[in-house]
Amino acid sequence: MAPPKPKRTATEQLRSAFPLLMELVRPRRGLLAFGMVLMVVNRAAGLVLPTSTKFLVDDVIGKRQIDWLAPLALAVLAATMIQGGTSFALTQLLSKEAQRLIAELRRRVQEHVGRLPVAYYDANKAGVLVSRIMNDVEGVRNLVGTGLVEFVGGVLTALFSLVFLLRISALLTGTALFFIAAFSLSLNLAFKRIRPIFRERGKITADVSGRLTESLAGVRVVKGYHAEAEEAQVFSGGVARLLQNVLRSLTAISMMSLSAVVLMGCVGAIVMYVGSRQIFAGTLTLGGFMSFTALLAFLVAPMFQVVGIGTQLTEALAGLDRTQEVLGEKPEDEDPKRTRTTGPIEGYVSFQDVTFAYEPGKPVLHTVTFEARPGTATALVGPSGSGKSTIISLIAAFHEPSQGVVRVDGEDLSTVRLDSYRTQLGVVLQDTFLFDGTIRENVAFARPQACEAEILEACRIAHVHEFAERFEKKYDTVVGERGVKLSGGQRQRVSIARAILANPRILILDEATSSLDSESEQAIQAGLAYLMEGRTTFVIAHRLSTIRRAEQILVVENGRVTERGTHESLYALGGRYYDLYTRQHGIDANLFLAPGEGDAVAENGPQRPRVAGATPPSAASFLGGGVA
């Protein structure tokens, strides 16, 4: 497990997220500039009412200049209409553009995550990645939408107000600014404490979502072991952690709101006292005092906006920082070594002294060497954890060897572009994965551009038509999440049809029939036989009766190939394969030791002596059947 990443300061988070922020803003700079212009007009219009108060009280009312009343009222009405219109335009332009940006960023992150190597998925839960894609980008609307513009607008309003306030009374303005400066310092300290809380919230949310996703996906296992209470307890623990985080943030936000209210109270009391004294002294008019009071609200209001919008911007930057972390991961197809584009391959696969370790210093494969010629089948047998699946992962280029070379048609696989290689690779797994779509959509997943006739032909070969035609909607039948509405054999036949449609040159069968009953297994044998014909095939099988016609069988133990040969030669050798086969089928170890059939290689340890004249079980077919 990788060591936890050290916590970063807000400045480091902003520096990390800044390139992505600029990349998002740059194409929209014209729209944002227009939004800023609208905001300036909006805030300027909003200042008409408070600034006109002094003229209304001192001149229109005080000096009884009644002719100015109607123009003044019309000016205030016009300013209010302008303010309302620009507010509507800002919401329509920026809020909608922010939602488009969120959708675009989600698509981008999902596409990037899809191109990351398998090792990244091994280290991150699916639910965590879902949270990164769906939740972390949500806060971006506050950076491109009305949040940021409102924040800037509040600052502009404060600056405009400050100019008018200084003209009315420098003494009152200086007194108010003293308290506002003190509040700003405390606000900065508060944000330093609240930023890590928001970042931690994103991580907790991802963890809780990840576990919930796993629990829902594995509901049959949960119910099968009557573990609903345990899962509920685990989820409750995650929710409790999330609640504690939210409560901590609410406490901080409440303290900031309290400080803002106290600020307003202190400033209001001071202005009331000092302003009244100035009126009595004749240095400030009543209209000036009323206008000052109204404008002071525009100066202090941004402090309240900082509490709300500033918190949103902080959360948005934290989410953007996490998004940048994902986008900073190196896609597997951008490896500078992968420069060679392969055309149609023949399927000649070779391992040359391949050693591999998932963790440094803990190899799971040791100097594995073998060859698989085009059109042949290679079977991998051995106990669980011996390294069979790791060999398959290297063939599929999910990982790269720590030492040694994997070659396909003589090309080092670590230098081949994966998009050109994997289009010629087909996989049929024991745990067949189907998407929550129709039968037709799941088969066509391998080659979306395939025509209807090709899809139906693949389904016919794989015997999908035998059950699909019985459904009311036939091939438009929805299979449910992971194909839950189909039986195991039906899911496997859909998977085989998908592989047939892909028409791969290299085929991987990972326990493709071991979990099926005899009837289902027999139903798909013909499809598998067709699929394997002429293709380089690699088979992992614990049911050894299914691999007897493989051109070569590799016995893998403790990350090493200990024996290799055909079924007959390995059986006659009397080594590890002989033990596995006879133990699985209950055959007397002394009955079927054939002399001299095939070429088997035992790479460690002495073997049993052969018994002359005995023959091993026959191999009537590559797949299926018991002991002959």
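We count residues from 1, following the sequence as given.
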Problem - From T355 atom OG1 to R560 atom CZ, the distance as rounded to the nearest 0.5 Å - result: 8.0 Å

Handout entry: Within-4.5 Å side-chain heavy-atom neighbours: Y120 and V326
Key = yes

Fill in the blank from the handout: Between the CD atom in E457 and the CD atom in E452, the distance rounded to the nearest 0.5 Å is 12.5 Å

Handout entry: Side chain proximity check, T562 to V556, heavy atoms < 4.5 angstrom
Key = no

Handout entry: Nearest non-hydrogen partners of E551 and T566, listed with the distance
Key = O-CG2, 3.6 Å

Handout entry: side-chain contact (heavy atoms from CB on, under 4.5 Å) between L413 and R407, worked out
Key = CA-CA 5 Å; L413 192 54; R407 297 185 185 276; over 6 Å; no

Problem - Verdict with reasoning, R447 to N503, per side-chain hydrogen bond (donor to acceptor under 3.5 Å, both in side chains) - result: CA-CA 9 Å; R447 191 154 56 93; N503 192 27; over 6 Å; no

Handout entry: Atom CD of Q233: over 12 foreign heavy atoms under 6.0 Å
Key = no

Practice task
Tell me, please, which residues at least two apart from Q110 pass side-chain contact (heavy atoms from CB on, under 4.5 Å).
Solution key: I133

Exercise for the section: Apply side-chain contact (heavy atoms from CB on, under 4.5 Å) to P374 and list each qualifying residue two or more places apart in sequence or on a separate chain. Expected result: E346, Y348, T536

Problem - Sidechain-backbone polar pair: S420 side chain, T342 backbone, donor-acceptor under 3.5 Å - result: yes

Practice task
Taking all non-hydrogen atoms of both residues into account, name the closest pair between R576 and V555 and its distance.
Solution key: CG-CG1, 3.9 Å

Problem - Short side-chain to backbone donor-acceptor contact, Q552 and E371, under 3.5 Å - result: yes

Handout entry: Sequence-distant partners of F235, ring-ring contact (aromatic ring centres under 6.0 Å, His included), two or more places apart
Key = none

Exercise for the section: Answer yes or no: is there an ion pair linking E359 with K362, defined by an N-O contact shorter than 4.0 Å? Expected result: yes

Handout entry: From I345 atom CD1 to Q424 atom CD, the distance as rounded to the nearest 0.5 Å
Key = 4.5 Å

Practice task
Test D353 against T369 for side-chain hydrogen bond (donor to acceptor under 3.5 Å, both in side chains), laying out the working first.
Solution key: CA-CA 5 Å; D353 297 322; T369 299; 3.2 Å; yes

Handout entry: side-chain contact (heavy atoms from CB on, under 4.5 Å) between V408 and V416, intermediate numbers included
Key = CA-CA 9 Å; V408 175; V416 173; over 6 Å; no

Exercise for the section: Could you tell me how the ring of Y577 sits relative to the ring of H567: parallel (under 30°), tilted (30 to 60°) or perpendicular (over 60°)? Expected result: perpendicular

Practice task
Test F471 against K485 for side-chain contact (heavy atoms from CB on, under 4.5 Å), laying out the working first.
Solution key: CA-CA 11 Å; F471 293 131; K485 295 181 181 180; over 6 Å; no

Handout entry: Test log, rule side-chain contact (heavy atoms from CB on, under 4.5 Å), inputs V109 and L327
Key = CA-CA 7 Å; V109 176; L327 293 176; 4.2 Å; yes

Practice task
Check for a donor-acceptor pair, side chain of K388 on one end and backbone N or O of P383 on the other, with a separation under 3.5 Å.
Solution key: yes

Handout entry: Polar side-chain atom of S236 near backbone of A232 as donor-acceptor pair, under 3.5 Å
Key = yes

Exercise for the section: Flag yes if more than 12 heavy atoms outside F445 fall under 6.0 Å of its CZ atom; otherwise flag no. Expected result: no

Practice task
Output yes when a side-chain donor or acceptor of N442 lies under 3.5 Å from a complementary backbone atom of F435, and no otherwise.
Solution key: yes

Problem - Interatomic distance, Y475 atom OH to C459 atom SG [nearest 0.5 angstrom] - result: 4.5 Å

Exercise for the section: Could you tell me whether the side chain of V405 reaches within less than 4.5 Å of the side chain of F351, counting heavy atoms only? Expected result: no

Practice task
With sequence neighbours left out, write down each residue that passes side-chain contact (heavy atoms from CB on, under 4.5 Å) with E400, or none if nothing qualifies.
Solution key: D335, K337, R338, S414

Exercise for the section: Any chance you could measure L509, atom CG, to L380, atom CG, to the nearest 0.5 Å? Expected result: 11.0 Å

Problem - Contact check, side chains of I540 and I392, non-hydrogen atoms, under 4.5 Å - result: yes

Exercise for the section: Taking all non-hydrogen atoms of both residues into account, name the closest pair between P504 and G426 and its distance. Expected result: CB-N, 3.3 Å

Practice task
Return yes when atom CG of D419 has more than 12 non-hydrogen atoms of other residues, nucleotides or ligands closer than 6.0 Å, and no otherwise.
Solution key: yes

Fill in the blank from the handout: So CD of E411 and OG1 of T341: to nearest 0.5 Å the spacing works out to 10.5 Å

Completion exercise
Shortest non-hydrogen pair, A357 vs P363, comes out as CB-CA, 3.5 Å

Exercise for the section: Please report the closest heavy-atom contact between H399 and L394, naming both atoms and the distance. Expected result: O-CD2, 3.5 Å

Handout entry: Test item: T376 side-chain N/O and A372 main-chain N/O as donor-acceptor pair under 3.5 Å
Key = no

Completion exercise
Looking only at heavy atoms, the pair that brings V464 and A497 closest together is CG2-CB, 3.9 Å

Handout entry: T390: side-chain contact (heavy atoms from CB on, under 4.5 Å) partners, not counting sequence neighbours
Key = F356, Y358, V364, L365

Exercise for the section: Could you walk me through whether R493 and E466 pass the salt bridge (charged side-chain N to carboxylate O under 4.0 Å, His left out) test, one step at a time? Expected result: CA-CA 10 Å; R493 279 183 258 181; E466 293 180 1; 3.4 Å; yes

Practice task
Just jot down the salt bridge (charged side-chain N to carboxylate O under 4.0 Å, His left out) partners of R115, sequence neighbours excluded, or say none.
Solution key: D333, E334

Handout entry: pair V494-L434: side-chain heavy atoms closer than 4.5 Å
Key = yes

